[in-house]
Number of protein chains: 2
Amino acid sequence: MELVQASGAATLPLNEIICGDCIEVMRALPEASVDLIFADPPYNLQLKSELHRPDNSRVDAVDDDWDRFASFEDYDRFTRDWLSAARRILKPNGAIWVIGSYHNIFRVGATLQSLGFWILNDVIWRKSNPMPNFRGKRLTNAHETLIWASREEGAKYTFNYEALKALNDGVQMRSDWVLPICTGHERLKGEDGSKAHPTQKPQALLHRVLVATTNPGDVVLDPFFGTGTTGAVAKMLGRDFIGIERDEGYVKLARRRIADVRRLDRAVLEVSSSRRAEPRVPFGQLVERGLLRPGEVLVSVSGKTAKVRADGTLVAQDVKGSIHQVGAALEGAPSCNGWTYWHFRRDGQAVPIDVLRQQIRAEMN
Amino acid sequence: MELVQASGAATLPLNEIICGDCIEVMRALPEASVDLIFADPPYNLQLKSELHRPDNSRVDAVDDDWDRFASFEDYDRFTRDWLSAARRILKPNGAIWVIGSYHNIFRVGATLQSLGFWILNDVIWRKSNPMPNFRGKRLTNAHETLIWASREEGAKYTFNYEALKALNDGVQMRSDWVLPICTGHERLKGEDGSKAHPTQKPQALLHRVLVATTNPGDVVLDPFFGTGTTGAVAKMLGRDFIGIERDEGYVKLARRRIADVRRLDRAVLEVSSSRRAEPRVPFGQLVERGLLRPGEVLVSVSGKTAKVRADGTLVAQDVKGSIHQVGAALEGAPSCNGWTYWHFRRDGQAVPIDVLRQQIRAEMN
DNA sequence: TACCGTTTTGAATCCAAGG
DNA sequence: TCCTTGGATTCAAAACGGT
């Protein structure tokens with residue numbers, strides 16, 4: 001790692017993963033240099049014993065060393081240290097996201113406030129497919145909490161209101177986000193087929209965070225990088241990233257993963273900035289959930305084409321906007337139902353995008 | 001208020017509203033006397049206008065961080081004080097609920113943990129009809145957070161799992177609850193038609209809290225009683241309540257409100273309970289009563305067999321012991337429910353031995 | 001291939017009574 | 001208080017395997 005230029009001023013290791021303790025590494029970075037920090041710190045779960053499912057299979061719990069703290073005081077000290085270091089390297093108008101569960105999020109939130117961060121929202125990630133409570137002793141722990149905070153009160157933080165509104169089908173985005181947990185092909189596996197990292201976050205979550213609170217070209221730092229979800233999504237969305245991770249194995253995995261990610265075109269990354277008519281269904285969720293990729297080409301029965309953008313709008317030759325607007329423009333029609341008008345290609349077939357909407361609706365009940 | 005009996009022991013002012021400061025009032029109540037506390041504390045952190053240190057000396061607004069920290073300290077002290085007083089009057093197996101928003105809930109949660117309370121769940125009240133964000137500068141704040149905690153780790157808290165499962169269409173209740181905010185007839189109005197209390201909670205929220213974590217006859221205390229939603233729902237559900245409220249106007253309003261509430265019949269208040277609550281029937285009774293004969297062969301679904309012995313133990317090839325022990329050993333499992341594992345033969349059919357237990361329980365009524 | 005039933009799994013502070 | 005033992009307890013989604 002080379003952080004010091006000839007001039008003596010420290011410089012930024014953009015789009016790199018630094019292996020080391022995040023507090024030390026952040027202290028070596030230049031102050032006021034980062035636009036956004038996304039942090040997924042250890043939760044301090046304090047698990048006491050093994051847990052079995054009703055079918056007697058064992059639950060693979062988070063029992064890693066990095067999640068063990070001797071006491072709340074220890075955890076508070078750790079939290080104060082890394083948050084202080086994070087605050088120093090944030091630009092004045094920068095912001096931070098921290099995700100956690102009830103085990104740690106209250107301590108994180110209180111420390112954020114005490115250090116002078118200004119909480120903008122707490123956001124609930126409602127899991128559509130959480131792990132149930134096997135013993136029937138509590139409520140299903142079906143959510144995690146994210147805190148979004150600016151560096152200080154009164155700062156001019158970035159918030160792409162219209163883009164999030166577009167992602168949410170034309171109505172303003174709420175503080176509760178329904179997203180599935182990270183499974184399937186997206187979940188990185190070790191050589192033995194087991195999960196590579198115990199707490200990998202879904203890309204859809206980072207997608208929404210980065211579209212909401214950064215612009216293309218911004219620098220996003222993740223001090224608990226893990227297998228690099230933040231970096232992968234940042235690269236895809238045309239943001240620069242800095243990853244810090246203590247475990248060398250995770251670093252290697254993340255480097256390979258991010259190398260395979262393709263940066264999206266600039267035109268695709270542009271997000272809505274003007275008020276538009278309100279579509280009826282959140283097409284943007286198809287993009288967030290990866291059912292459609294930003295940059296993917298949709299076709300109509302009449303042969304017109306358009307590209308999907310990161311915020312769930314479309315761009316064709318001369319038009320951009322919602323699926324309905326672009327369809328109407330291309331047909332010279334007063335209106336158009338984009339859900340039946342647009343198709344995507346799968347296995348040589350043109351399939352209406354409405355199929356994907358139905359799929360999401362089925363998942364959400 | 002009369003809290004002291006002739007004997008000198010303090011007694012409980014059941015189904016009364018006490019007008020006064022909740023910390024003082026709780027300190028005057030007998031310790032370990034309350035089953036549940038529901039609290040909706042104020043979160044007026046007064047960050048912008050608060051220009052006074054804890055000792056009331058004025059702060060020149062030079063060091064913003066220090067000023068902010070000072071006022072958080074004030075709020076933390078207040079939180080510690082009322083939570084400590086609350087903890088003292090809780091029964092050992094009692095529990096507490098606190099509701100709040102991102103302004104205060106992190107400080108409340110951290111203090112709860114530091115005082116020794118043991119968090120069981122954080123619950124998200126997802127508002128189906130939240131107030132929109134008018135300025136478009138943040139996400140719609142569409143939820144509030146509740147924390148459910150037992151008095152200490154390892155305590156035997158009350159949780160009516162089956163009742164909540166029934167409330168949720170037969171699948172276990174999750175940590176996110178979708179409920180509308182309090183409006184319409186339920187919302188208390190002043191004489192001029194304006195809302196009587198700024199933060200009146202919906203009865204549905206209290207209904208779910210009380211059904212989940214209390215039983216009929218339990219004592220529920222609310223230290224920030226307001227217009228008495230907790231008392232109204234408690235009375236309706238056949239729980240006793242104690243309300244503490246500083247504002248005399250709210251106290252009067254709450255008294256009138258609760259007087260109009262009708263207590264539900266006992267039969268209606270019964271909720272579904274789990275099998276765990278049913279009387280224990282030793283397997284040996286099946287043999288004693290002749291429902292199974294010594295020497296009879298039991299079979300499992302997986303095809304294992306074992307013989308019943310006269311003392312109510314089983315013997316298989318290499319193992320002998322209880323129905324559970326032998327089942328676990330044969331399956332190589334850490335545990336096994338012998339009641340559902342083992343079957344006996346009747347008319348060519350394999351019938352679970354649990355059927356015989358249910359038969360005995362029915363006779364016992 | 002397509003379909004259908006089975007198996008696996010996910011940041012979890014996950015038992016209670018009796019001796 | 002510790003130790004033993006009885007016996008109660010799961011939802012959604014994706015992967016997997018067989019026809």
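Values below: every heavy atom of this structure, side chains too, minus hydrogens, waters and symmetry copies. Below, chains carry the letters A, B, ... as their sequence lines are ordered, and counting in each starts from 1.
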Novice: Of A:N56 and A:H185, whose nearest nucleotide on DNA chain D comes first from the 5' end?
Specialist: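 Nearer the 5' end of the strand: A:N56.
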Novice: Given the ring of A:W177, does A:R208 sit roughly above its face, with NZ or CZ under 6.0 Å from the centre of the six-membered ring and within 45° of the axis?
Specialist: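 Yes.
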Novice: If you assign each of A:R135 and A:K195 to its closest nucleotide in DNA chain C, which residue comes earlier from the 5' end?
Specialist: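 With A:R135 and A:K195 compared, the 5'-side residue is A:K195.
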Novice: So A:D40, base contact, sugar-phosphate only, or nothing? Heavy-atom distance under 4.0 Å.
Specialist: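 Touches a base.
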Novice: If you look at every strand shown and take non-hydrogen atoms under 4.0 Å, does A:N141 touch a base, only sugar-phosphate, or nothing?
Specialist: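 Result for A:N141 = sugar-phosphate.
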Novice: Mind checking A:E50 for me? I need base, sugar-phosphate or nothing, with any heavy atom below 4.0 Å counting as a touch.
Specialist: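 Base contact.
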Novice: Side chain of A:M131 only, please: which of D:dC11, C:dA17, C:dG10 is the nearest?
Specialist: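 Selected nucleotide: C:dG10.
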Novice: Work out how far the C1' atom of D:dT10 is from that of C:dG10, and round it to whole angstrom.
Specialist: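 After rounding to an integer number of Å, I get 12 Å for this pair.
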Novice: Expressed as a whole number of angstroms, how long is the span from A:H52:NE2 to D:dT9:P?
Specialist: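 Going from NE2 in A:H52 over to P in D:dT9 covers 18 Å.
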Novice: For nucleotides D:dT1 and C:dA16, find the distance between their C1' atoms and express it as a whole number of Å.
Specialist: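 Here D:dT1 and C:dA16 have their C1' atoms 15 Å from each other.
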Novice: From the set C:dA11, C:dT9, D:dT9, return the single nucleotide nearest to any side-chain atom of A:Y43.
Specialist: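 Of the candidates, C:dA11 comes closest.
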Novice: Does B:Y161 reach a base, just sugar-phosphate, or nothing at all? Heavy atoms under 4.0 Å.
Specialist: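 Touches sugar-phosphate only.
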Novice: Using the side-chain heavy atoms of A:R138, tell me which of these nucleotides is nearest: C:dA11, D:dT9, C:dC14.
Specialist: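 Nucleotide nearest to A:R138's side chain: C:dC14.
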Novice: Quick one: does any side-chain atom of B:S300 pair with a main-chain N or O of B:K304 as donor and acceptor, under 3.5 Å?
Specialist: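 Judged by distance alone, yes, a pair lies under 3.5 Å.
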Novice: Would you mind classifying the nucleic acid contact of B:S274 as base, sugar-phosphate or nothing, using non-hydrogen atoms under 4.0 angstrom?
Specialist: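 B:S274: backbone/sugar contact only, no base atoms under 4.0 Å.
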Novice: Once Watson-Crick and G-U wobble pairs under 3.5 Å are found, how is DNA chain D written in dot-bracket notation, 5' to 3', with | for any base paired to another strand?
Specialist: .|||||....|||||||||
Novice: How are the rings of A:F69 and A:Y75 set relative to one another: parallel (under 30°), tilted (30 to 60°) or perpendicular (over 60°)?
Specialist: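 Answer is perpendicular, since the angle exceeds 60°.
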Novice: Determine the contact category for A:C182: base if any of its heavy atoms lies under 4.0 Å from a base atom, sugar-phosphate if only primed atoms, P, OP1 or OP2 are that close, otherwise nothing.
Specialist: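 If one applies the 4.0 Å heavy-atom cut-off, A:C182 turns out to touch nothing in the nucleic acid.
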Novice: I need the CD-C1' distance between A:E144 and C:dA12, as an integer number of Å.
Specialist: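 From A:E144 CD to C:dA12 C1': 11 Å.
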Novice: Please classify the nucleic acid contact of A:T183 as base, sugar-phosphate, or nothing, using heavy-atom distances under 4.0 Å.
Specialist: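 If one applies the 4.0 Å heavy-atom cut-off, A:T183 turns out to touch the sugar-phosphate alone, with no base involved.
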Novice: Just the rounded figure in Å: distance from P of D:dA12 to CD of B:Q172.
Specialist: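 Distance, rounded to whole Å: 9 Å.
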Novice: For B:L120, answer base if it contacts any base atom (sugar-phosphate contacts may also be present), sugar-phosphate if it contacts only those atoms, and nothing otherwise; contact means non-hydrogen atoms under 4.0 Å.
Specialist: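 Result for B:L120 = nothing.
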Novice: Please work out if A:P41 contacts a base, only the sugar-phosphate, or nothing of the nucleic acid, heavy-atom cut-off 4.0 Å.
Specialist: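 Base contact.
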Novice: Is it the case that the side chain of B:N160 and the backbone of B:V211 share a donor-acceptor pair, with hydrogens and angles ignored and the cut-off at 3.5 Å?
Specialist: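 Yes.
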Novice: What's B:R357 touching, base or sugar-phosphate or nothing? Going by heavy atoms closer than 4.0 Å.
Specialist: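 Here B:R357 touches the backbone only, sparing every base.
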Novice: Considering only D:dC11, C:dG10, C:dT9, which nucleotide approaches the side chain of A:S57 most closely?
Specialist: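 Looking only at side-chain atoms, A:S57 lies closest to C:dT9.
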Novice: By nearest atom, which of the nucleotides C:dA11, C:dA12, D:dA13 is closest to the A:I181 side chain?
Specialist: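 Closest nucleotide to the A:I181 side chain: C:dA11.
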Novice: Counting N and O atoms only, with roles assigned by atom type, does the side chain of A:T140 sit under 3.5 Å from a partner on the main chain of A:A142, one being a donor and the other an acceptor?
Specialist: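 Not at all, since once roles are kept as given, no pair shorter than 3.5 Å links the two residues.
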Novice: Under 3.5 Å, side chain of B:R151 to main-chain N/O of B:R87, donor-acceptor pair present?
Specialist: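 Yes, because the side chain of B:R151 sits within donor-acceptor range (under 3.5 Å) of the backbone of B:R87.
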Novice: Tell me yes or no: between the side chains of B:S114 and B:R80, is some donor less than 3.5 Å from an acceptor?
Specialist: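 Note: B:S114 and B:R80 side chains miss the donor-acceptor criterion.
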Novice: Within residues 320-332 of chain B, which residues have any heavy atom lying less than 4.0 Å from an atom of DNA chain D?
Specialist: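 Of all residues in residues 320-332 of chain B, the ones placing a heavy atom under 4.0 Å from DNA chain D are B:S322, B:H324, B:Q325.
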Novice: Taking A:D55 first and then A:R53, would you say they form a salt bridge - that is, a charged N and a carboxylate O separated by under 4.0 Å?
Specialist: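 No, no charged N to carboxylate O under 4.0 Å.
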Novice: Starting from the C-alpha separation in whole Å, work towards a yes-or-no answer on ring-ring contact (aromatic ring centres under 6.0 Å, His included) for A:H52 and A:F134.
Specialist: CA-CA 8 Å; A:H52 291 87; A:F134 296 115; over 10 Å; no
Novice: Between A:D63 and A:R68, is there a salt bridge with N-O shorter than 4.0 Å?
Specialist: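 Answer for the salt bridge query: no.
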Novice: Check B:T313, B:I353, B:L298 against B:V308 for a side chain to side chain contact (heavy atoms under 4.5 Å, CB included) and give me the one that passes.
Specialist: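 That would be B:L298; it is the only one of B:T313, B:I353, B:L298 passing the side chain to side chain contact (heavy atoms under 4.5 Å, CB included) with B:V308.
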Novice: Taking D:dC16 as the reference, what is the distance to C:dT1 when you measure between their C1' atoms (whole Å, please)?
Specialist: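 To the nearest whole Å, 16 Å.
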Novice: Go through C:dA12, C:dA11, D:dG7 for me and flag the one nearest to the A:K127 side chain.
Specialist: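 Looking only at side-chain atoms, A:K127 lies closest to C:dA11.
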Novice: Between the side-chain atoms of A:R53 and the base atoms of C:dG10, is any donor-acceptor pair under 3.5 Å?
Specialist: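 Flag set: donor-acceptor pair detected.
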Novice: Shorter than 3.5 Å, N or O on both sides, protein versus nucleotides 1-6 of chain C: list them out with atom names.
Specialist:
none

Novice: Classify the nucleic acid contact of A:W66 as base, sugar-phosphate or nothing, counting any heavy atom under 4.0 Å across all strands shown.
Specialist: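 Base contact.
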Novice: Give a yes/no answer on whether the side chain of B:K165 brings an N or O atom under 4.0 Å of OP1 or OP2 in D:dT9.
Specialist: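 The answer is no; no side-chain N or O of B:K165 sits under 4.0 Å from OP1 or OP2.
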Novice: So if I take every side-chain heavy atom of A:D67 and compare against C:dA11, C:dA17, D:dT10, which nucleotide ends up nearest?
Specialist: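 So the nucleotide nearest the side chain must be C:dA11.
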Novice: Could you please name the option among C:dG10, D:dG7, C:dA16 that lies closest to any side-chain atom of A:K137?
Specialist: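 Of the options given, the side chain of A:K137 lies nearest C:dA16.
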Novice: A:P130 near the nucleic acid: base, sugar-phosphate alone, or nothing, with a heavy-atom cut-off under 4.0 Å?
Specialist: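 Base contact.
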Novice: Let's test your reading of the model: under 3.5 Å, does the base of C:dA11 pair with the side chain of A:K201 as donor and acceptor?
Specialist: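 Under the 3.5 Å cut-off, the side chain and the base do form a donor-acceptor pair.
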Novice: Is it true that a side-chain atom of B:Q172 and a backbone atom of A:N133 form a donor plus acceptor pair closer than 3.5 Å?
Specialist: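 Present.
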Novice: How are the rings of A:W148 and A:W97 set relative to one another: parallel (under 30°), tilted (30 to 60°) or perpendicular (over 60°)?
Specialist: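 Answer is parallel, since the angle falls under 30°.
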Novice: Measure from CG on A:L47 to P on C:dG10 and round the result to the nearest Å.
Specialist: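 In whole Å, C:dG10 P lies 15 Å from A:L47 CG.
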Novice: Given 3.5 Å as the limit, does a donor-acceptor pair link the side chain of B:W125 with the main chain of B:L179, or not?
Specialist: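 Looks like yes, one N/O pair under 3.5 Å.
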Novice: Any side-chain to backbone donor/acceptor pair from A:E245 onto A:G226? Under 3.5 Å, distance only.
Specialist: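 Flag set: sc A:E245 to bb A:G226 pair under 3.5 Å.
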